[in-house]
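Report on one structure; see the data block that follows.
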2 protein chains.
Amino acid sequence: MSPRLQRAPGVTIGDIAAAAQVSRSTVSRAFTRPQLLSPETVDHVRAVAARLGYVGNQAARALSTGRFGNIAVVVPDIANPFFPPLVRSLQSAAETADLAVFLGDSDESAEREAKLIARLAPQVEGFVLASPRLSEQLIRELAATRPVVLVNRDLDGIPRVLIDSTGGMTEAVMLLKKLGHERIAYLAGPRDSWSDQQRREVLTSAASGLTVEVIEVGRPSYAAGRDSVSALVRSGATAAIAFDDVVSQGVLAGLELRGISVPGDFSLVGCDDTLAALTTPALTSVSAGASTAGTAAAQLLIRLMEDADDAGECMTIATHLVTRATTATAPKGALT
Amino acid sequence: MSPRLQRAPGVTIGDIAAAAQVSRSTVSRAFTRPQLLSPETVDHVRAVAARLGYVGNQAARALSTGRFGNIAVVVPDIANPFFPPLVRSLQSAAETADLAVFLGDSDESAEREAKLIARLAPQVEGFVLASPRLSEQLIRELAATRPVVLVNRDLDGIPRVLIDSTGGMTEAVMLLKKLGHERIAYLAGPRDSWSDQQRREVLTSAASGLTVEVIEVGRPSYAAGRDSVSALVRSGATAAIAFDDVVSQGVLAGLELRGISVPGDFSLVGCDDTLAALTTPALTSVSAGASTAGTAAAQLLIRLMEDADDAGECMTIATHLVTRATTATAPKGALT
DNA sequence: TTGAAAGCGCTAACAT
DNA sequence: ATGTTAGCGCTTTCAA
């Protein structure tokens, strides 16, 4: 095993110990527990280490401590505009705590998600699973092993951050009612998504006095949204709330294609506020605070890694409606 | 050191060796070099390992081999829609090669980029730096240490993947000329971006017969795009090419605000094709193939990690113009 | 084809 | 306050 190529220069603790005339433990302590050493020793050792360009070997440290200083965030699709802000703020918070972040993209597949987790688990002290597609059982098994924080998945006893659509959705319904709509549609997302389930519920319960048609869209995409417009028109609805902004944009395109103008003839509301502010016309959307969720998830995970007693905690992030062009006017013929 | 908590269940090679009645070396070989063992032994050992739920300890492996099986991708802003598809395809390609991916977001700061790299370096065998803001010197120093692949940064001698805007930009200029424009504007991006530099050059050289006004936008954002419209109008241009789709959307909003309709009164072209297909109206855009770049970068890096002799290789990804609604008609009064 | 044993670089009991 | 020492779990030479 000796004659093995070392890619890195390879300054070890031993080298420093020799150069600084102290034992290896002293060198180690100078970095990990300087309180135990006299200040002069610490300074001396650190100076020598710096001079030699010492860089701690993570593998050795991890092997010895069982701690890597790494976490992983797994998302179903990083290209879905909901996740980048979440990942971004998560990584930023992790960086502050000196944690490095692995990213896994499961491509909306529970199986790939499981594989990714298995691959990452041995070098990771904690997981953030955003909108996981994994089965409850597998998640619970993982959570028994190490700290896990869920985002937008509601599993009792497992720490989680939930973006609560109730507020925003209710506001959206109110607005549509006020605009004079009597029959609205919900363009639903994937059934295994917690967010979708929650939105369905809110909508069917909060829509007092309104008729709500649920239209299944499947995997939320621009194309799927556009293609759902025929069903939307058939439903007789004069307004719609879409599962997310991408679908909403697709619907917008499909409506224009048929000469139905928004908001003149039809009112449209998206969710998550991802694209909404970036488009022309700007979309009315239920603001999701994905970035807030990312920070919250990171902080929750960090607390969990410090003392594993916070288990089961659930943070809720409220939403609200952001009104923009697509609900600017009442639909034609509506009784305002 | 014995009485240390082991968070993971901790099935080790030793456990398997005991259960399978073989030596630990045999177990190790069953995974790393099965050719050296009899097929039956391999099967047997692997079966036992699977039954016990064995998961190799990366730290120990890395400590022994010097290899982690990790790479890192560093981006200036994962929330910028150009990067998620790139990261996504990169991670997918890495997964195929059984590599785990660290994600770093530098927040457009060279300093944070350097810190991230330093933090990640000791557990990573290679880097993909996408649109790095880092100084040339620091990049070269890093590249001397370990395999590095650049995306959209052109440093001689360092392997890189460049998205070449020439094709798409030239097509865009041609189209605008054909539509009857005589004076067009380029809404420029950040000067330290290689992509922006390249686009400026192409535009000023390819625009034979056209006048090109360059309007500085700064950090590319929706708001910056919208705010640049006053300068755009002042310039007297009847068409514009924006540094990216986000800026393009902002410009669109600014134009509508002034009652200038697109494409009726004005023609607009974006770059990167990130938002372009997802909005209404759909944007004409120079398609960037960020996803292709991600795959290419991963494969290049993997080749580099296998034999470090491919250094200096440069892959170029061509672009083309995708024509959509925002250049659908000639501007009013233009001579078609 | 397999086993025995050394050691990768670090940390943390234990001893001083 | 510092040194001594025994591993962490794995790979790999060397010997059989």
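Numbers restart at 1 for each chain; the letters A, B, ... are given by sequence-line order, proteins then strands. Scope of the values below: all heavy atoms of this structure, side chains included, with no hydrogens, waters or symmetry mates.
- In this structure, Arg67(A) atom CZ and dT11(C) atom C1' are separated by 10 Å, rounded to whole Å.
- Annotation: side chain to side chain donor-acceptor pair (under 3.5 Å) contacts of Ser25(B) (sequence neighbours excluded): Ser23(B).
- Under the 4.0 Å criterion applied to side-chain N and carboxylate O atoms, Glu313(B) and Arg160(B) are not assigned as salt-bridge partners.
- Here dC10(D) presents its P atom at 13 Å from CD of Gln123(A), a figure rounded to the nearest Å.
- With sequence neighbours excluded, the residues that form a side chain to side chain donor-acceptor pair (under 3.5 Å) with Gln137(B) are Glu141(B).
- We find that NE2 of His44(A) is positioned 16 Å from C1' of dA1(D), with the value rounded to whole Å.
- Nearest to the side chain of Thr65(A), among dG9(D), dT11(C), dG9(C), sits dT11(C).
- With sequence neighbours excluded, the residues satisfying side chain to side chain donor-acceptor pair (under 3.5 Å) with Asp107(A) are Arg88(B).
- Look at Arg133(B) and Glu108(B) and you find a salt bridge, because one of the NZ, NE, NH1 or NH2 atoms lies within 4.0 Å of a carboxylate O, short of that distance.
- Among residues at least two apart or in separate chains, there is no ring pair (Phe, Tyr, Trp, His ring centres under 6.0 Å) pair with a member in residues 104-133 of chain B.
- Counting only residues at least two apart or on different chains, no ring pair (Phe, Tyr, Trp, His ring centres under 6.0 Å) pair has a member in residues 66-85 of chain A.
- Spacing between atom CD1 of Ile13(A) and atom C1' of dC10(C) amounts to 6 Å, rounded to whole angstrom units.
- Regarding Phe68(A), its CZ atom lies at a distance of 11 Å from the C1' atom of dG9(D), rounded to whole Å.
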If you look only at distance, which donor and acceptor atoms sit under 3.5 Å apart when one is on a side chain in residues 28-40 of chain A and the other is two or more places apart or in another chain?
unit_1: Thr32(A); atom_1: OG1; unit_2: Ser28(A); atom_2: O; d: 3.0
unit_1: Ser38(A); atom_1: OG; unit_2: Thr41(A); atom_2: N; d: 3.2
unit_1: Ser38(A); atom_1: OG; unit_2: Thr41(A); atom_2: OG1; d: 2.5

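- With rounding to whole Å, Phe31(A) atom CZ is found 14 Å from dT11(C) atom C1'.
- In this view, Ser131(A) satisfies the side chain to side chain donor-acceptor pair (under 3.5 Å) rule with no residue, not counting sequence neighbours.
- Rotation axes derived from the C1' atoms of the five outermost pairs at either end of the helix from dT1(C)-dA16(D) to dT16(C)-dA1(D) lie 30° apart, to the nearest 10°.
- A salt bridge (Lys or Arg N to Asp or Glu O under 4.0 Å) check over residues 288-297 of chain A, counting only residues at least two apart or in different chains, returns nothing.
- Taking Ala19(A) as the reference, Val48(A), Leu52(A) meet the side chain to side chain contact (heavy atoms under 4.5 Å, CB included) condition, with sequence neighbours excluded.
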Pick out the pairs of N or O atoms, protein on one side and nucleotides 1-5 of chain C on the other, that lie under 3.5 Å.
unit_1: dT2(C); atom_1: OP1; unit_2: Thr41(B); atom_2: OG1; d: 2.6
unit_1: dT2(C); atom_1: OP2; unit_2: Ser38(B); atom_2: N; d: 3.0
unit_1: dT2(C); atom_1: OP2; unit_2: Thr41(B); atom_2: OG1; d: 3.0
unit_1: dG3(C); atom_1: OP2; unit_2: Ser23(B); atom_2: N; d: 3.0
unit_1: dG3(C); atom_1: OP2; unit_2: Ser23(B); atom_2: OG; d: 3.0
unit_1: dG3(C); atom_1: OP2; unit_2: Thr26(B); atom_2: OG1; d: 2.3
unit_1: dG3(C); atom_1: N7; unit_2: Arg29(B); atom_2: NH2; d: 2.7
unit_1: dG3(C); atom_1: O6; unit_2: Arg29(B); atom_2: NH1; d: 3.3
unit_1: dG3(C); atom_1: O6; unit_2: Arg29(B); atom_2: NH2; d: 3.1
unit_1: dA4(C); atom_1: N7; unit_2: Ser25(B); atom_2: OG; d: 3.3
unit_1: dA4(C); atom_1: N6; unit_2: Ser25(B); atom_2: OG; d: 3.1

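- Atom CG of Asn57(B) is separated from atom P of dC10(D) by 6 Å (rounded to the nearest Å).
- If you measure from atom CG of Leu63(B) to atom P of dG7(D), you get 17 Å, rounded to the nearest angstrom.
- Look at Ser28(A) and you'll find a side-chain N or O under 4.0 angstrom from OP1 or OP2 of dT11(C).
- A heavy atom closer than 4.0 Å to some atom of DNA chain D occurs in Tyr54(B), Gly56(B), these being the qualifying members of residues 47-56 of chain B.
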